[in-house]
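A short worksheet on the structure shown next.
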Amino acid sequence: MIDIEVLRRISDTLVARKKADPDASYVSSLYAKGTDEICKKVAEEAAETIMAAKDKDRLHLVWEVTDLWFHSLVLLAHHGLSVEDVLAEFRRREGVSGIDEKKSRTA
Ligand SMILES: N=c1c2ncn([C@@H]3O[C@H](COP(=O)(O)OP(=O)(O)OP(=O)(O)O)[C@@H](O)[C@H]3O)c2ncn1[C@@H]1O[C@H](COP(=O)(O)O)[C@@H](O)[C@H]1O
């Protein structure tokens with residue numbers, strides 16, 4: 001069984017950091033910088049993920065994907081969303097083949 005509780009705990013922390021001091025909290029400092037800067041971090045982490053994959057460095061790939069997920073969660077929280085919203089979307093898509101879904105777009 002995959003432990004997704006850790007994602008829920010981080011989500012709670014991200015909400016709590018909305019009231020934190022940006023000098024004492026990395027997350028709060030990102031909120032203070034705003035959407036453009038948070039998006040820049042997401043893009044950086046996506047690029048670093050690609051580089052780790054191309055280097056075939058498995059441990060580094062896990063670090064970078066963790067950074068990417070983390071900064072994506074910060075972006076969601078900054079917009080009043082959370083991992084729960086993403087999990088709900090996964091549930092909605094569950095069992096729908098990507099190939100069938102793509103075909104249905106043009107039908
Ligand atoms: N999971 C994380 C997490 N993952 C990565 N990071 C930080 O993300 C930052 C950016 O990573 P980079 O690799 O880009 O580091 P960098 O090159 O030094 O950054 P730049 O100078 O380029 O901006 C680093 O400072 C990491 O420490 C995280 N910071 C916080 N968390 C979680 O968020 C919680 C709240 O954090 P604070 O708000 O800082 O208390 C923590 O308790 C953790 O659970």
Side-chain angles (χ1 to χ4, degrees):
M1 185 59 113
I2 297 172
D3 172 21
I4 60 166
E5 286 308 312
V6 67
L7 290 177
R8 295 206 169 96
R9 287 195 298 275
I10 287 180
S11 284
D12 289 346
T13 302
L14 297 184
V15 171
R17 289 299 188 268
K18 291 193 174 198
K19 291 177 185 160
D21 175 2
D23 290 331
S25 154
Y26 174 68
V27 172
S28 182
S29 75
L30 281 179
Y31 292 149
K33 288 178 187 166
T35 297
D36 285 1
E37 285 302 314
I38 301 171
C39 288
K40 213 186 283 179
K41 292 303 296 181
V42 172
E44 269 176 41
E45 303 306 348
E48 286 168 14
T49 296
I50 292 164
M51 286 188 282
K54 287 173 94 66
D55 288 346
K56 298 188 170 52
D57 183 338
R58 288 157 49 87
L59 183 58
H60 193 196
L61 180 57
V62 170
W63 288 347
E64 296 303 348
V65 169
T66 307
D67 279 349
L68 179 58
W69 285 20
F70 169 70
H71 285 90
S72 299
L73 291 177
V74 173
L75 183 62
L76 285 169
H78 192 55
H79 288 79
L81 296 164
S82 78
V83 68
E84 293 294 352
D85 297 284
V86 176
L87 293 177
E89 180 60 17
F90 269 118
R91 279 192 290 272
R92 190 187 69 78
R93 294 182 191 184
E94 197 170 15
V96 179
S97 155
I99 292 170
D100 292 342
E101 186 276 331
K102 204 160 191 175
K103 276 187 200 155
S104 73
R105 288 186 207 169
T106 50

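First listed ligand is number 1; within each ligand, the first listed atom is number 1.
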Q | Gap between atom CG of Leu75 and atom SG of Cys39 - 0.5 Å precision | A |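 Cys39 SG to Leu75 CG: 5.0 Å, rounded to 0.5 Å.
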(Q) I need the Arg9 CZ to Asp3 CG distance, nearest 0.5 Å. (A)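 Taking CZ in Arg9 and CG in Asp3, the distance rounds to 6.0 Å.
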Q) Can you find a non-hydrogen atom of His71 under 4.0 Å from ligand 1? A)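 In this structure, His71 qualifies as a contact of ligand 1 - some heavy atom is under 4.0 Å.
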Q. Just which atoms of ligand 1 are under 4.0 Å from any heavy atom in Arg17?
A.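 Those atoms are 35 (C), 37 (P), 38 (O), 40 (O).
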Going by a strict under-4.0 Å cutoff (protein heavy atoms only), does [atom] have a neighbour on the protein?
atom	answer
atom 35 (C) of ligand 1	yes
atom 16 (P) of ligand 1	no
atom 43 (C) of ligand 1	no
atom 19 (O) of ligand 1	yes

Nearest to [atom], what protein heavy atom do you find, and at what distance?
atom	answer
atom 11 (O) of ligand 1	Glu45 OE2, 3.9 Å
atom 23 (O) of ligand 1	Lys41 NZ, 3.2 Å
atom 28 (C) of ligand 1	Phe70 CE2, 3.3 Å
atom 26 (C) of ligand 1	Tyr26 CE2, 4.9 Å
atom 38 (O) of ligand 1	Ser25 OG, 2.5 Å

Is it true that a side-chain atom of [X] and a backbone atom of [Y] form a donor plus acceptor pair closer than 3.5 Å?
X	Y	answer
Tyr31	Leu14	yes
Thr49	Glu45	yes
Ser82	Ser11	no

Q | hydrophobic_cluster_shared for Val6 and Met1, side chain cutoff 4.5 Å | A |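 Per the 4.5 Å side-chain linkage, Met1 and Val6 are not co-clustered.
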Q. Looking only at non-hydrogen atoms, which of Asp67, Leu68, Val74 approaches atom 13 (O) of ligand 1 most closely?
A.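 Answer by nearest heavy atom: Asp67.
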Q: Could you give me the CA-CA distance, side-chain angles and deciding distance for Leu76 and Leu73, then say whether side-chain contact (heavy atoms from CB on, under 4.5 Å) is met?
A: CA-CA 5 Å; Leu76 285 169; Leu73 291 177; 4.1 Å; yes
Q. What do you reckon, does Thr13 have a nitrogen or oxygen under 3.5 Å from a nitrogen or oxygen of ligand 1?
A.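 Between Thr13 and ligand 1, no N or O pair is found under 3.5 Å apart.
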Q) Within the structure, does Ile10 bring an N/O atom to less than 3.5 angstrom of an N/O atom in ligand 1? A)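 Checking ligand 1 against Ile10, no N or O pair falls under 3.5 Å apart.
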Q. Once the angle between the rings of His71 and Tyr26 is folded into 0 to 90°, is it parallel (under 30°), tilted (30 to 60°) or perpendicular (over 60°)?
A.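 The rings of His71 and Tyr26 stand perpendicular, inter-plane angle above 60°.
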Q) Of the options Leu61, Thr66, Leu59, which is the one that meets Trp63 in a side-chain contact (heavy atoms from CB on, under 4.5 Å)? A)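 With Trp63 as partner, Leu61, Thr66, Leu59 yield a single side-chain contact (heavy atoms from CB on, under 4.5 Å), made by Leu59.
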